[in-house]
Amino acid sequence: MQDEAVGVDVERDRSEPGDDAGRRLEQVYREHGVRLWRAVLLGSGSREVADDAVAEAFAQALRRGGALRDPAAWVWRVAFRVAAGELKERGRVEAFKDEPALGLPDPFLDLWRAIALLPMKQRASVVLADYAGWSHREIAKALGSSVSAVGVHVHRARKRLRDELEDDDD
């Protein structure tokens with residue numbers, strides 16, 4: 001019953017004039033939500049961290065409403081910062097488990113295992129660069145790093161992934 005009441009409130013809120021920010025954020029969620037969650041999952045290695053980080057990023061965006069100039073970029077940055085904070089709070093990155101990747105094709109599992117071997121900053125940098133298509137400047141801003149450090153992280157991550165994935169092919 002409570003879900004129905006919430007649904008009615010959501011429908012009422014959507015129909016209010018001037019709620020462009022809410023509609024824009026809903027569009028961002030539809031266009032970027034799944035891709036963002038996958039990117040955070042690849043970056044963190046944890047479904048729980050990905051769930052929490054993406055939910056928190058969108059919740060913060062809702063609270064800010066129309067104050068966000070580029071909600072999509074903002075949500076991506078915040079999700080990765082929240083994920084990094086959660087991983088730091090845990091004291092160490094939990095080992096990647098096969099569980100989040102169950103049911104996915106073997107090439108993805110191979111990539112999953114190779115990414116698991118990367119340090120957190122390399123992992124996040126290469127995921128944002130190669131999966132999300134971000135520039136080094138955007139990644140640096142999202143991760144609180146320098147552009148040159150991101151370049152090094154991406155380069156090292158790509159080399160290590162290439163070496164790891166080529167070894168698997170032999």
For this session: Report yes if some heavy atom in the side chain of V28 is under 4.5 Å from a heavy atom in the side chain of F58; otherwise report no.
Result: yes

Problem set entry | Separation of L68 CG from L62 CG (nearest 0.5 Å) | 9.5 Å

Exercise. Considering residues, nucleotides and ligands other than R156, do more than 12 of their heavy atoms fall under 6.0 Å from its CZ?
Worked result: no

Problem set entry | CD-CG distance between Q122 and L117, expressed to the nearest 0.5 angstrom | 11.0 Å

Exercise. If you round to the nearest 0.5 Å, how far is CD of E86 from CD of E48?
Worked result: 7.0 Å

Seminar exercise, completed: L165 and A114 have their tightest heavy-atom pair at CD2-CB, 4.1 Å

For this session: Identify the two heavy atoms, one from L118 and one from V126, that lie closest to each other, and give their separation to 0.1 Å.
Result: CD1-CG1, 4.2 Å

For this session: Determine, step by step, whether W76 and L128 satisfy the side-chain contact (heavy atoms from CB on, under 4.5 Å) criterion, reporting the C-alpha distance in whole Å, the side-chain angles of both residues, the deciding distance to 0.1 Å, and the verdict.
Result: CA-CA 9 Å; W76 275 81; L128 287 170; 3.9 Å; yes

For this session: Go through the steps to decide whether R160 and D163 satisfy the test salt bridge (Lys or Arg N to Asp or Glu O under 4.0 Å), and finish with yes or no.
Result: CA-CA 5 Å; R160 188 155 179 199; D163 292 346; over 6 Å; no

Seminar exercise, completed: Closest heavy-atom pair, A57 versus W74, reported as atoms and distance to 0.1 Å, is O-CZ3, 3.5 Å

Pairs of donor and acceptor atoms involving the side chains of residues 143-152, under 3.5 Å and at least two apart or interchain, shall be tabulated with distances.
residue : atom : partner : partner atom : Å
S146    : OG   : S148    : OG           : 3.3
S146    : OG   : A149    : N            : 3.1

Exercise. Given E56 and R63, is the salt bridge (Lys or Arg N to Asp or Glu O under 4.0 Å) satisfied, shown in steps?
Worked result: CA-CA 11 Å; E56 180 62 24; R63 286 193 294 272; 3.5 Å; yes

Exercise. Given the rule in the side-chain contact (heavy atoms from CB on, under 4.5 Å) test, do W37 and D51 qualify, once you have shown the distances and angles that lead to the verdict?
Worked result: CA-CA 7 Å; W37 183 86; D51 290 345; 2.7 Å; yes

Exercise. In Å and rounded to the nearest 0.5 Å, what is the NE2 to CZ distance from H32 to R38?
Worked result: 14.0 Å

Exercise. How would you list all residue pairs meeting side-chain hydrogen bond (donor to acceptor under 3.5 Å, both in side chains) that involve residues 127-143, not counting sequence neighbours?
Worked result: D130-R158, S135-E138

Problem set entry | Sequence-distant partners of D70, side-chain hydrogen bond (donor to acceptor under 3.5 Å, both in side chains), two or more places apart | none

Problem set entry | Nearest heavy atoms of A50 and L41, plus distance in Å | CB-N, 3.8 Å

Exercise. E166 and R162: salt bridge (Lys or Arg N to Asp or Glu O under 4.0 Å), yes or no, with the steps?
Worked result: CA-CA 6 Å; E166 285 173 357; R162 191 170 33 253; 5.0 Å; no

Problem set entry | Shortest non-hydrogen contact from I115 toward L42 | CG2-O, 3.5 Å

Seminar exercise, completed: Nearest heavy-atom contact between I139 and S125 is CD1-O, 3.6 Å

